[in-house]
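Below: the structure, in structure tokens.
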Amino acid sequence: MRFDPFSLSLTRPLGTANGPIESREGFLVRVSANDDGEQVTGLGEATPLPGWTESLADCRAALERGDPDATTPAARHGYSLARADAEARETDVRLCARLAAEHGVGPSADAVPVNATVGDDTPTETADAVREMVESGFDVVKIKVGAREPEADRARLRAARDAAPDAELRADANGAWGRETAAEMLDAAAELDYAYVEQPLPADDLTGLAELRGCGVGVAVDETLASHAVAAVLDADAADVLVLKPMALGGPDRTLDAAQTARDAGVEAIVTTTIDGVVARLGALHVAAAIPDVPACGLATGSLLADDLAPDPAPIREGAMSVPDGPGLAGDALQALSHPGDS
Ligand SMILES: [Mg+2]
């Protein structure tokens, strides 16, 4: 295994609960396997995200030691994705097909529905942005809420619905509300026929999340999974939908295990990136393609980066992201990354 550091700038700083991030730093991971005397290289990416995974220093240390584990999920993701890519290449199948076979599901999908995301803005601007997304082919749009007073956010939710009467709409509060506000906002979202509200309460309030369920709109958890195991969330009956991030869960294998556990409990699972480079985004795409009938996923994040590890070979058309042809992550499309010395 070898790994090389990279830094990718965002097109503009992204506000998070842990402060704004301006770039994504991580490691491109390569593992080699020998297929009948022919060298096969598998690609992975370890891009830690503050608040969700280990630090960049701990990630590097785990990769150097060669023993990434559950305490270093980004490092484990890089290694596990690279190995899975190499294995899929050796057996000449797409990564999603291999993952689906390994997890006893399948066949994998050729494309995955993806959602557009609309950030905080005035009701009018929110409506315009939603309309623009729907016109460009997305049928699922997620509205970021929680940065304004509840009354203002209610107006935004209504404006978005008026702008897109037929779209599936979701809201994401990123843990901004208390229990009382969350209950009021979920009632409003239910009335406007939203599919679900993501993280209406802080990550640790499993009891509160469980109490919000059943009011006519789904409850999704995202930040909660940074600090609570999937099993604990399911035991607490705290969610209708789990938002699974392969980078934070330790790799494609762990993510599919989590998705299966969720679905066995009657809970939906969607896959999202952690604003990663193209290698990890493709990894997340293959994971999602291996989940039967997966709802729209948060994979359309490439445009948030000003630069990337390589050109993105997975176009989005009509609200779906196509899985690239060829073995492994993307056939020959990432050749330049596999053989950095060649060009
Ligand atoms: Mg979220």
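Owing to the predicted nature of the structure, the values given are computational and were not obtained by experimental measurement. When a ligand or atom number is given, it counts from 1 through the structure's own listing order.
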Which N/O/S atom belongs to E198 and is the closest one to the Mg ion (ligand 1)?
OE2

Note, V243 side chain near E198 side chain (heavy atom, < 4.5 Å):
yes

If I consider every N, O or S atom in D222, which one ends up closest to the Mg ion (ligand 1)? I only need its name.
OD2

I'd like to know if D253 and R76 make a salt bridge, using a cut-off of under 4.0 Å between side-chain N and carboxylate O.
yes

Do the side chain of T273 and the main chain of I275 share a donor and acceptor less than 3.5 angstrom apart?
yes

Using a strict threshold of under 4.0 Å (side-chain N to carboxylate O), is an ion pair present between D4 and R2?
yes

Using 2.8 Å as a strict upper limit, say whether an N, O or S atom of E223 approaches the Mg ion (ligand 1) that closely.
no

If I consider every N, O or S atom in D172, which one ends up closest to the Mg ion (ligand 1)? I only need its name.
OD2

